[in-house]
Structure formats: structure tokens, C-alpha cells
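Just so you know, these numbers come straight off a predicted model, no measurement behind them. Worth knowing before you read on, the calculation uses all heavy atoms, side chains too, and leaves out hydrogens, waters and symmetry mates.
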Amino acid sequence: FVLKLEMTTGLLKTSPLSVRTKLLHQTGLSLYNTAHGFYEEEVKKKLQQFPGGTVDLQKEDNGIGILTLNNPSKMNAFSGVMMLQLLEKVIELENWTEGKGLIVRGAKNNFCSGSDLNAVKALATPEDGVALCMFMQNTLTRFMRLPLISVALVQGWALGGGAEFTTACDFRLMTPESKIRFVHKEMGIIPSWGGTTRLVEIIGSRQALKVLSGALKLDSKNALNIGMVEEVLQSSDEAKSLEEAQEWLRQFIQGPPEVIRALKKSVSSGRELYLEEALQNERDLLGTVWGGPANLEAIAKKGKFNK
């Protein structure tokens with residue numbers, strides 16, 4: 001038995017990380033590469049041709065970041081430049097070691113109305129569409145894997161790609177009058193930024209079919225009923241609802257960053273990896289916090305209570 005245990009322990013120590021595990025937890029890795037026919041630099045050059053709006057990131061001292069989609073004249077639609085900026089902000093957040101939580105919102109009391117039609121019209125071929133799909137799937141998958149607990153604050157409208165972005169967050173909050181609409185079918189397409197895949201995970205395949213087909217309209221009441229959102233906030237005021245969202249998120253981020261981040265990474269691996277890989281990853285993450293400052297402090301406190 002001891003020999004078997006030693007062999008098992010040795011195997012666990014030497015077993016190579018799978019490609020899936022590496023992709024999940026090494027920053028800077030793209031979901032797609034040239035082997036998939038994805039040429040990132042070419043896509044970036046095309047997107048650079050469509051300016052307008054910004055993606056702004058504010059990092060608070062309490063470990064909460066606020067990511068704002070800022071293109072109010074177009075209901076915060078993503079221009080090509082904003083898509084590039086979103087990737088830049090995701091990379092910045094991947095390297096924010098003090099970060100614990102993130103709120104995603106839109107400027108001027110609207111979330112996001114999807115893609116700017118100027119860019120959509122210019123990228124009209126199937127090849128262009130698939131290249132854009134790969135770019136945004138890559139960005140939003142990296143966003144979803146951030147070791148931050150994230151919440152989408154849906155004020156006003158979240159349409160098309162905006163609705164898809166909400167599904168990349170861990171949680172969603174809505175204001176009383178806000179609406180989420182997957183309008184892709186009306187545009188003659190389907191969600192392609194990973195929105196369908198994530199929506200099925202959030203609400204299940206039957207409800208996803210209702211929502212994507214337009215048979216079920218997601219106002220705040222319906223979204224709450226089917227589990228699409230966690231809560232409907234009290235206020236529809238831009239500043240007050242942001243304060244409410246920050247207060248709501250605080251319950252998840254009590255404690256040191258290294259513990260909160262390890263917790264989120266562990267949940268991500270449980271969702272995305274095979275059982276054996278997820279268990280190994282959980283073990284590796286434990287090694288980063290066991291015997292660490294927070295752990296030793298908690299043990300010392302417990303010792304005092306037990307005397």
C-alpha cells in the first residue's frame with residue numbers, strides 16, 4: 001500500500017499539465033492561433049480602421065475594478081477600436097495581482113448595444129465574420145478566466161454582443177427598467193462571441209432556446225425568474241445603481257487577494273476541465289495558499305478561541 005501511495009504521489013508530481021489546463025491558467029495565451037486559421041494581427045489591422053468610443057478601466061484600492069464601455073452616442077456599441085481596447089484591458093486585468101472583483105457597465109445608463117454597424121457592414125464576408133468571431137471569443141474567454149469575481153451591471157439595454165458580454169461575467173445584476181436582448185436572429189445571424197455556449201451553462205438549453213429565438217423577452221422580472229440575473233437593484237439611477245452593485249460585490253471579496261483569486265481559478269478549472277485535471281489544479285492552487293499569511297493568521301485566531 002505504501003509503495004502504491006508513493007507511486008501515485010510521484011505520478012501526480014510528474015504528470016504533465018494538459019493543454020487545456022495550460023490554456024486555462026497561463027496568461028497571454030490565445031484560444032485560437034494560425035493552426036485554426038486565425039491571424040490575429042490581420043484582424044487587429046482591420047478593426048483599427050473603425051474608431052469611436054473607448055473602454056475605460058478604473059482600479060480601486062479595495063480591489064474592485066470598474067470596466068466601462070464608453071460610446072454613449074451609439075448606446076455603447078463596440079467600435080473596432082473598442083474591441084482592441086477591450087483585449088488590452090483584459091491583459092491589464094490579467095496582470096493586476098491586487099484585484100479581487102470587477103464590475104462591467106456602460107456609460108450614460110446603458111449597457112451595450114452590440115457591434116457598431118459601420119464595422120459590421122465593412123466586415124461583410126463569411127471569412128471576416130469568422131475572424132471577428134475568433135477575436136471576440138478569445139477576448140471574452142480570457143475575460144471569463146480572469147481570477148476576479150465579476151458582475152455585469154445591466155442598466156438600460158444590453159443588446160446583441162452586449163447581451164453576450166453579460167454571459168462572460170460570473171454574475172449579472174439588472175436595474176428595474178433594464179432589458180437583455182439576444183437580437184442576433186433578427187439580424188440573420190447567431191451569437192458568436194461565445195454567448196450561446198455560456199448562456200446554455202447559465203440557464204440551460206430549453207430556456208436558452210426561448211431567449212435566443214425571441215420567444216422569451218428578458219426584462220428584469222423574467223431574467224430574475226429564470227436565473228439569468230442574481231438580483232434586480234432598487235435604483236435605476238446611474239450613480240446609485242453602481243453604488244448598489246459595488247455593495248453587492250463586496251460580500252464576495254472579503255479577504256486577501258491571493259485567496260479570492262485562487263478560489264476563482266479553482267471554480268474556473270472545475271467548470272472547464274476534466275475531473276482529473278480539475279482535481280490536480282485544485283491541489284496546485286492549494287499549494288499557493290496553504291501555510292500562507294492568511295492561513296496562518298486564521299489558524300492562530302482559531303487557537304485563541306479554543307483555549
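Between the Asn138 side chain and the Leu31 main chain, a donor and an acceptor come within less than 3.5 Å of each other. Put simply, the side chain of Arg172 gets close to the backbone of Met228: a donor and an acceptor are under 3.5 Å apart. Between the side chain of Lys100 and the backbone N or O of Gly255, at least one donor-acceptor pair lies under 3.5 Å. Of the possible polar contacts, one joining the Asn71 side chain to the Ala77 backbone as a donor-acceptor pair under 3.5 Å is found. Of the possible donor and acceptor atoms, none in the side chain of Thr175 sits under 3.5 Å from a partner among the backbone N and O of Ser236. Here the side chain of Lys185 pairs a donor or acceptor atom with the backbone of Ser213 at under 3.5 angstrom. Side-chain atoms of Ser113 come within 3.5 Å of backbone atoms of Met75 as a donor-acceptor pair (strictly under, hydrogens ignored). Panel note: side chain Gln85, backbone Val55; a donor-acceptor pair is recorded below 3.5 Å.
No salt bridge links Glu186 with Arg181; every basic N to acidic carboxylate O contact stays at or beyond 4.0 Å. Salt-bridge annotation for Asp219 and Lys179: absent, with no side-chain N of the basic residue lying under 4.0 Å from a carboxylate O of the acidic one. Comment: Asp170 engages Lys264 in a salt bridge, judged by a side-chain N to carboxylate O separation of less than 4.0 angstrom. A salt bridge links Arg250 with Glu247; the closest basic N to acidic carboxylate O contact falls under 4.0 Å. Using a cut-off of 4.0 Å between Lys/Arg side-chain N and Asp/Glu carboxylate O, Lys301 and Glu297 are scored as salt-bridged. Taking 4.0 Å as the cut-off between side-chain N and carboxylate O, Glu238 and Lys108 do not count as a salt-bridged pair. Using a 4.0 Å cut-off between a side-chain N of Lys or Arg and a carboxylate O of Asp or Glu, Glu92 and Lys59 qualify as a salt bridge.
Between Phe252 and Trp248, the ring planes are tilted. Angles from 30° to 60° get that label. Ring-plane geometry between Phe135 and Phe38 is classed as tilted, the angle between the planes lying from 30 to 60 degrees on a 0 to 90 degree scale.
Clustering ILVMFWY residues whenever any of their side-chain heavy atoms sit less than 4.5 angstrom apart, transitively, puts Met82 in a cluster other than the one holding Val120. Hydrophobic clustering keeps Ile180 apart from Ile103 (ILVMFWY residues linked when any side-chain heavy atoms are closer than 4.5 Å, directly or through intermediates). Tracing side-chain contacts under 4.5 Å through hydrophobic residues (I, L, V, M, F, W, Y), one never reaches Trp157 starting from Val154; they form parts of separate clusters. Met144 and Met136 fall into different hydrophobic clusters, defined by Ile, Leu, Val, Met, Phe, Trp and Tyr side-chain heavy atoms under 4.5 Å apart, directly or through other members. A single hydrophobic cluster is not seen to contain both Phe143 and Phe171; linkage of ILVMFWY side chains at heavy-atom distances under 4.5 Å, directly or through other members, places them apart.
Using modelled atom types and a 3.5 Å distance limit, the side chains of Ser30 and Asn33 yield no donor-acceptor pair. Arg105 and Thr68 form a side-chain donor-acceptor contact under 3.5 Å, judged by distance and modelled atom types alone. For the residue pair Gln246/Glu244, the side-chain donor-acceptor check at 3.5 Å is not satisfied. No side-chain donor from either of Asn76 and Asn110 sits under 3.5 Å from a side-chain acceptor of the other. There is a side-chain donor-acceptor pair under 3.5 Å between Thr54 and Asp56. A side-chain N or O of Ser241 and one of Gln155 form a donor-acceptor pair less than 3.5 Å apart.
Inter-residue side-chain proximity for Val104 and Val151 is flagged as unmet; no heavy-atom pair is nearer than 4.5 Å. No side-chain heavy atom of Leu57 sits under 4.5 Å from any side-chain heavy atom of Glu88. With a 4.5 Å cut-off on side-chain heavy atoms, Leu233 and Leu153 count as touching. A 4.5 Å side-chain heavy-atom check between Leu86 and Phe165 finds at least one atom pair inside the cut-off.
Residue Glu60 holds its CD atom at 13.5 Å from CD of Glu98, rounded to the nearest 0.5 Å. With values rounded to the nearest 0.5 angstrom, Ser220 atom OG is found 12.5 Å from Glu231 atom CD. Distance NZ/Lys46 to CG/Asp128: 3.5 Å, rounded to 0.5 Å. In this structure, NZ in Lys265 is found 10.0 Å from CG in Leu148, a value given to the nearest 0.5 Å. Between the OG atom of Ser178 and the CG atom of Asn109 there is a distance of 9.5 Å, given to the nearest 0.5 Å. Within the model, atoms CG of Leu199 and OG1 of Thr166 stand 8.0 Å from one another, a figure rounded to the nearest 0.5 Å.
With ring centers used as reference points, Phe78 lies under 6.0 Å from Trp193.
Counting heavy atoms of neighbouring residues, nucleotides and ligands inside a 6.0 Å radius, atom CD of Glu230 exceeds 12 of them.
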Can you list the steps and then say if Asn222 with Leu216 is a side-chain contact (heavy atoms from CB on, under 4.5 Å)? CA-CA 8 Å; Asn222 286 339; Leu216 178 60; 4.0 Å; yes
side-chain contact (heavy atoms from CB on, under 4.5 Å), that's the test. Do Asn281 and Glu277 meet it? Break it down for me. CA-CA 6 Å; Asn281 204 53; Glu277 295 172 329; over 6 Å; no
Test side-chain contact (heavy atoms from CB on, under 4.5 Å) applied to Val81 and Phe50, step by step: CA-CA 6 Å; Val81 166; Phe50 306 102; 5.9 Å; no
